[in-house]
Amino acid sequence: MAEFKLKIRRYDPEAGAAPYWDEHTVDLEPHRSVLEGILQARNENDGSIGVRCSCRSAICGSCGVRVNGKPGLACHTHLDDALASAGEDGVIEVEPMGNMPIIKDLIVDMDAVHWKKIQRVTPWLIGKEPVPEREYIVSRESMIDVTQSMACIQCGACVSDCLSMEVDPLFVGPAALAKTYRFVGDPRDAAHEQRLKDLGEDKHGIYDCTHCFKCIEACPKGVAPMNQIMRLRRIAGNDFHIKDRNNGERHEAAFVKNIEKNGILHEADLLPDSYGGKFHPRAVPELISSLPIVMTALLRRKMTPGKALLHPHKAPDGVKRIFEVVEGRDERNEFNLYISGTDANNEGTAEVAEAIETAEPAGVAPDGTEGSSA
Amino acid sequence: MKVAYWPGCVSRGFTAELHGSMAAVAPMLNIELVELDRASCCGAGVIAEHSQELADTLNARTFALAQQEITQGADLMMNICSTCQGAQSECQQRLDASAEYRAQVNETLSDEGLEYQDGIINKNFLWVLVEDIGLDKLKTLVRNPLTDLRVGPFYGCYIVRPTDRLDINRAQPRDEYLGQVIEALGGTVIDYAGSHKCCGFPIITMNKAASLEQAGRHLGDATDADADCLVTPCPLCHLNLDLQQPMAAKQVGRELNMPVLHLPQLVGLALGLSPKELGLQHHIVKPTSVIDWSQAVVGGVGGW
Ligand code: SF4
Ligand code: SF4
Ligand code: SF4
Ligand code: SF4
Ligand code: FES
């Protein structure tokens with residue numbers, strides 16, 4: 001047994017008092033979970049601590065909290081690991097998740113935010129017609145492809161830390177979009193295009209993600225929601241040519257074209273092209289609104305008129321060739337680490353994998369899975 | 001040391017002062033820069049969003065070019081952009097994971113006679129400073145310690161997440177390096193809410209209000225924490241935090257006057273270069289506090 005100090009964030013909106021920190025010392029084996037620590041504090045010291053849990057084995061998704069600022073499952077975080085990531089005072093901080101209203105202490109209102117957003121994306125299979133007499137027959141690979149998004153246990157950890165949602169509460173968010181991929185990646189579903197169109201036309205849909213990796217870092221199940229969002233964008237843009245209301249597809253196309261032409265990014269063209277070209281009606285107000293900045297930039301000689309108008313670079317032939325070959329393929333060649341794993345993990349024993357990892361400082365770990373520190 | 005140097009695109013376009021200040025600081029740190037001038041943009045995550053294989057192949061080409069320099073004596077590949085670091089590490093992770101996939105990508109590169117061999121070491125200048133030059137060595141090179149300069153770190157998402165891909169762990173706390181460098185240069189590290197958050201740049205053309213709201217909040221938080229300036233290893237963050245700062249101020253409805261320095265500029269100030277030599281006059285937000293500080297230091301030296 002060992003003693004651990006827990007600092008729990010307390011708040012009761014109904015009581016009207018401000019939130020405060022409450023410290024408890026618990027006595028448990030170091031490999032026991034933070035959840036058990038909280039429960040011991042509740043059972044032995046203060047029965048009023050609000051915490052939600054059920055399975056205690058990382059599968060029901062009800063015990064999402066922030067431990068030392070990082071979101072995760074309280075039942076899936078060992079006390080010794082939590083201590084190691086604690087501040088210098090050696091006190092483990094437990095707070096409710098973010099981006100959702102607090103009901104009491106560590107319990108947040110998942111209904112008001114998380115579940116509403118999940119419902120928003122039609123989270124069930126819309127079967128293809130005609131419905132076969134028996135089951136739908138699909139290939140094994142196509143089902144493996146959606147296993148990563150199926151691993152979600154709806155804990156809300158990703159929602160808690162989403163940086164787009166922090167500034168835009170209407171953003172559909174990582175969990176709901178990962179759920180969307182679960183159906184867009186499923187060959188039995190009949191509504192791929194409608195789903196993507198719906199989320200492309202929603203200004204707070206697939207193109208509202210700011211690519212911050214927070215959800216990948218937060219997810220205790222390796223779902224990597226951001227990666228699923230990027231796959232949704234690829235399918236929406238490349239396969240269905242959906243013109244979204246955020247100019248996301250156009251921006252992406254403009255960026256890719258820019259690199260194909262110049263080899264390196266030519267920003268002065270990118271902005272107008274993202275809105276459909278310098279003379280596109282949508283580009284004009286955009287350009288005028290950025291005029292004061294452009295003027296200041298010119299004054300400070302940050303941009304020179306020459307730089308803004310001329311292309312100092314031309315893509316080397318090698319770069320052009322890569323675009324030709326890859327863009328000319330009939331089918332997307334998309335290597336998925338979650339499914340394929342690494343050579344080292346697939347072939348070698350654990351020792352071999354470890355030897356390779358220690359030999360190379362830039363070692364690899366499968367995408368979205370826990371690192372070697374876990 | 002000698003490095004195969006990938007300056008990125010923005011550092012030769014809208015933030016030319018970054019490339020310039022890196023070139024000015026490198027010899028003082030005894031870094032020889034061999035520029036990879038035939039390489040292409042890393043794609044900044046956007047090309048990967050369009051086609052993973054395209055991004056992987058373009059970056060494999062850059063790595064192969066860097067490896068040619070490494071066989072000729074360069075120690076590693078170095079970049080000066082958080083986004084390059086993240087986007088390139090992502091591609092490298094896939095390329096290094098599978099010999100079969102690597103062979104497919106190398107097949108495309110073979111037209112140019114290039115081949116990527118797994119395991120390249122590609123580090124942002126920030127990592128090179130701490131891991132290869134070392135903070136102790138850096139301290140000995142400081143001529144104008146940043147005494148009384150209150151600096152807020154701003155990392156940029158791509159250089160701090162995901163932690164497993166970027167090899168960030170307790171033994172190698174790469175997500176704390178900016179603070180360590182500021183301290184080694186004699187400055188005061190300012191702790192504020194936004195240091196590891198997103199500047200909003202990726203959605204500037206897609207949801208401008210949300211994008212500027214992010215930038216504005218972080219700049220406001222840093223102001224409230226009494227920072228004199230921010231420092232970032234990412235030119236794209238710099239675009240949203242400096243170039244767009246007037247718009248961000250409008251968005252959040254408060255005055256913001258927060259200078260944002262590129263990492264080599266901050267290092268250069270401490271190593272004795274003048275704000276002008278480091279291109280600080282090209283910033284949109286006048287780095288008045290920094291210039292006042294540097295004049296006080298120079299003036300102080302003269303006066304005593
Ligand atoms: S990557 Fe996108 S979805 Fe994920 S947390 Fe960031 S903004 Fe949210
Ligand atoms: S994606 Fe991961 S973090 Fe998000 S709700 Fe599902 S399991 Fe939780
Ligand atoms: S991240 Fe930026 S600077 Fe780096 S290569 Fe890409 S676009 Fe260019
Ligand atoms: S902070 Fe902004 S520019 Fe910087 S890496 Fe993140 S999204 Fe990119
Ligand atoms: S209690 Fe069920 S996941 Fe933690």
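Chain A is the first sequence line, chain B the second, and so forth, proteins listed ahead of strands; every chain is numbered from 1. Predicted model only: the values in this text are computed from it and were never measured.
In summary, B/Glu49 and A/Arg233 engage in a salt bridge, as defined by a charged side-chain N under 4.0 Å from a carboxylate O.
Both the backbone and the side chain of A/Ile322 come within less than 4.5 Å of a heavy atom in chain B. Contact of A/Phe323 with chain B is made through backbone and side chain together, with heavy-atom distances under 4.5 Å. In this structure, chain A has a heavy atom under 4.5 Å from the backbone of B/Ala48, while its side chain stays farther away. Both the backbone and the side chain of A/Val319 come within less than 4.5 Å of a heavy atom of chain B. Contact annotation for B/Ala55: neither backbone nor side-chain heavy atoms come within less than 4.5 Å of a heavy atom of chain A. For A/Glu327, the part sitting under 4.5 Å from any heavy atom of chain B is the side chain, from C-beta outward, and nothing else. Interface remark: B/Val252 contributes no atoms to any contact with chain A (heavy atom separation under 4.5 Å). Using a 4.5 Å cut-off between heavy atoms, A/Arg329 touches chain B through its side chain atoms alone. Residue contact with chain B, scored on non-hydrogen atoms closer than 4.5 Å, is absent for A/Ala253. Residue B/Leu114 does not touch chain A at all, counting heavy-atom pairs closer than 4.5 Å.
Taking CD1 from B/Ile168 and CD from A/Glu217, the interatomic distance works out to 7.5 Å, rounded to the nearest 0.5 Å. With rounding to the nearest 0.5 angstrom, the CZ atom of A/Arg321 is 13.0 Å from the CZ atom of B/Arg61. In this structure, the separation between CD on B/Glu90 and CG on A/Asn227 is 6.5 Å, given to the nearest 0.5 Å. Separating the CG atom in B/Asn207 from the CG atom in A/Asp168 is a distance of 5.5 Å, to the nearest 0.5 Å.
If you tally non-hydrogen atom pairs under 4.5 Å between each of B/Val160, B/Asp56, B/Leu58 and chain A, the highest count goes to B/Leu58. When the candidates B/Arg217, B/Glu112, B/Gln52, B/Arg161 are compared by the number of heavy-atom contacts under 4.5 Å with chain A, B/Arg161 comes out ahead. The most heavy-atom pairs under 4.5 Å with chain A, out of B/Thr57, B/Leu166, B/Leu54, come from B/Leu54. The candidate from B/Gly279, B/Gly86, B/Ala210, B/Ser98 with the greatest count of non-hydrogen atom pairs under 4.5 Å with chain A is B/Ser98.
Atom CD of A/Glu324 has more than 12 heavy atoms from other residues, nucleotides or ligands within 6.0 Å.
At distances below 3.5 Å, at least one donor-acceptor pair connects side-chain atoms of A/Asn238 with backbone N or O atoms of B/His50.
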Criterion ring-ring contact (aromatic ring centres under 6.0 Å, His included) on B/Phe201 and A/His211, from CA distance to verdict: CA-CA 9 Å; B/Phe201 181 78; A/His211 209 287; over 10 Å; no

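Scanning both residues, A/Ile264 and B/Cys9, for their nearest heavy atoms gives CB-SG, 3.6 Å. Looking at every heavy atom in both residues, A/Asn333 comes nearest to B/Glu53 through CB-OE1, 3.3 Å.
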